[in-house]
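Here the structure is a predicted model, which means the values were calculated and not measured. The residues of the chain are indexed from 1 along the displayed sequence.
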Amino acid sequence: MAYTALRKMRQMNQEEFGKDLGPMEPYRYGGETLGSDLKSAALRFLHDRCEDLRFDPEIEAEEEETCTWKGTSIAPGQIPYNMQMDIDRLCLERELEHFIDSGIAEDAYTVYYCYLEMFFGRYGKSKKMVELLSEFEANGSSLLLKHRDHYSHSVYVFALGLAIYETNEPFRRAFKTFYGFDPDTEDEKTDHLAACFFLEYWGLTSLFHDIGYPFELPFEQVMSYYEVNHKTRGENSLFIGYRNVDVLTKIDSETAKQFEKLYGRSFHSVTELLSYDIARKLGKAYGFTEGYLMNVLEKKPREPEKFGYFMDHAFFSAARLYVELADTFRGDLTKAHVDALSAILLHNSLYKFSIAFYKDQPRTKPTLKMDLHPLAYLLMLCDELQCWDRTAYGRNSRTELQPMAVLFDFSGNSIHATYLFDEDEKGKITAYEKEYAAWKKNPDPEKKPRLKAYSSMAGKDPDFQKDIERIVDTSLIPLSVECGLAPASRENKHIYLSVSNFLHIHDFSVALNARYSYEGKEDKVSTEQLESEFEALSLEYKLSNINQVKSFSRYLNVIHCFYTDRPVLFDMLREFTPEQINLFGPLEHERWIREHQSMGWRCDDTYEHVKVPRGVNRKAYKKMLREQMRCHALAMDGNPTSEEIRAHYFALPESEREKDWKPFNSMLKLIRKFDGLRIYLLDD
């Protein structure tokens, strides 16, 4: 059992109540499920390798001494602290599974949410950093010639890295050696510590490596508009550069003291810090100095003409993430935080064109080896591999043939990727092959036909794999790539009429959480109070509200309604009727049942019949027992069908069903406290 605190509580409950109540450990992809595909490998890493993630032995000792729990479930003090940490990890495992199944941005959102809650302490402080990336792309990228999603892309990159760590022994050895973990020990505790360390800093590297795109997009928009008349970028191009970059890169005095402790020298800017860090790691192997790199980084945002008239989003990703890290951690910043920043800085053009010069012929610089900078190595590899299932925003990107899915096999310390293209696009492939055959009779390098990305993967001269092998050393992770055709499947995409930006998912969830507490008193509560109450919940219960919000598009579709944050000429929904609730009530009940099953809850009402100690609040005590047992009288065991769950819903007493739907009308009033989001009725 990989969730040790859950097991410990289960044993305590069995001793106390004389029967096996729970909590149960949901079995997904751990233990004997040794699949070598992306989903199995990534989830097995979280399930098995990350045992005791974020556990605190000092808090555990204090709990045993004081007989008082420090963990939060639906309220503070209900469960042991380490049990809460286990449940948090289970949340991340579940949300990553949902994302790998669907690939949609809304499921990427909850993976980000889990990571920020677990490793930054609170999502609310950093939400704009990740939400605005998606908003910039969705609203501004259609103006570009070429641009594809980077929000879901980053979560796929995250999952790829977990799968590679799980399945590739040479990379695990390189990572452990680099960070001071004994790679030869057979001690499981050391292996778990290394895996937990990897999860934190790989998550930081992968999930935030593209947050600088909002700085690159305006540059590309100007270029795209200028190039409408088929002018190519160059010395006659109109372009923009950035000034006053120091506001992003300067290091405050308090943080400077921490870096001086870590490195024994002072730094005044992030460019100084990262020039030093990268030169220390790669300078000898690639023959450059700290001063050379500092000069390059100073020019990158200000003089794009020196870099082929391109703006490097990686520079801004590292600088923007530094601001977030300094604000969150201050004196607790580590060298590993800096490693994540330098990996992000390297991943785009800096390494390729200013350090390795990877397109030079003949090649004079080596490919990047994993032992020099494991996080940078893995980010470059996964960033290149992740080219499937990416929403195309740019005008040209929308017409290109891109892989819609991929099948990975990570067995044998290698990577075999089969990229799948939509078989309905076979006409484009046939046309390309005819055009290529005609070109071969009279080849002109300037007119060579291409069908991106198909021609680079499966064409006559595929260079997709060759490009990766020119960037990173694959001798210890042999790579092979092939292509195939398959029917498109969108059954997991959950595409409905309702649409909103991510800035409102959190607000909607806050209002949803408060629907029971302020029924009839909606006008008397502030948004600050609502947000404070939401923040007091554990990650599990926050996600429950968020996932219910994500399901609302489906529910509203059933009752011919939709939500949006755009002004529309439709009547606003003021109140749900009993008839409407009878349509979406069973759907919400099924979501609730499946959610509880996925988190190890079982059907049992023992907590309702336990004798309550004298002087203790009866209701609060029973709720605490319920959270410790992870049993609920309305849950279902086994693997019920949708029809069985629907029957279970209608078998509930009317008072129970009414208790669930009436507060939704309170929610309609509460969401109007937040700007933008409203629910509307479709015309009959």
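Each of Phe158, Tyr112, Tyr213 was evaluated against Tyr151; a single residue qualifies, Tyr112, per the ring pair (Phe, Tyr, Trp, His ring centres under 6.0 Å) test.
Distance alone, capped at 3.5 Å, is enough to place a donor-acceptor pair between the Tyr292 side chain and the Ser354 backbone. Without hydrogens or angle criteria, Lys550 side chain to Glu106 main chain gives a donor-acceptor distance under 3.5 Å. At distances below 3.5 Å, at least one donor-acceptor pair connects side-chain atoms of Arg172 with backbone N or O atoms of Glu166. Although no hydrogens or angles enter the test, the distance criterion places a donor-acceptor pair under 3.5 Å between the side chain of Tyr115 and the main chain of Leu204. In this structure, the side chain of Arg89 engages the main chain of Cys50 through a donor-acceptor pair within 3.5 Å. Without hydrogens or angle criteria, Tyr351 side chain to Leu368 main chain gives a donor-acceptor distance under 3.5 Å. Formation of a donor-acceptor pair under 3.5 Å by the Asp107 side chain with backbone atoms of Glu95 is not found in this model.
Shown here are the salt bridge (charged side-chain N to carboxylate O under 4.0 Å, His left out) partners of Glu272, two or more places apart in sequence or in another chain: there are none. Under the rule for a salt bridge (charged side-chain N to carboxylate O under 4.0 Å, His left out), the partners of Lys369 that lie at least two apart in sequence or sit in another chain are Asp473.
The six-membered or imidazole ring of Tyr179 lies away from that of Phe198, with a centre-to-centre distance of 6.0 Å or more. Residues Phe99 and Tyr156 bring their aromatic ring centres within 6.0 Å.
Within the 4.5 Å cutoff, side-chain heavy atoms of Phe119 are placed close to those of Arg54. No side-chain heavy atom of Glu540 sits under 4.5 Å from any side-chain heavy atom of Leu90. Within the 4.5 Å cutoff, no side-chain heavy atoms of Leu92 are placed close to those of Leu539.
Expressed to the nearest 0.5 Å, how far NE2 of His209 lies from OG of Ser154 amounts to 4.0 Å. Once rounded to the nearest 0.5 Å, the distance linking CG of Asn82 with CG of Asp56 reads 7.0 Å.
Residue pairs meeting the side-chain hydrogen bond (donor to acceptor under 3.5 Å, both in side chains) criterion with at least one member in residues 196-205, sequence neighbours excluded, are Tyr201-Thr334.
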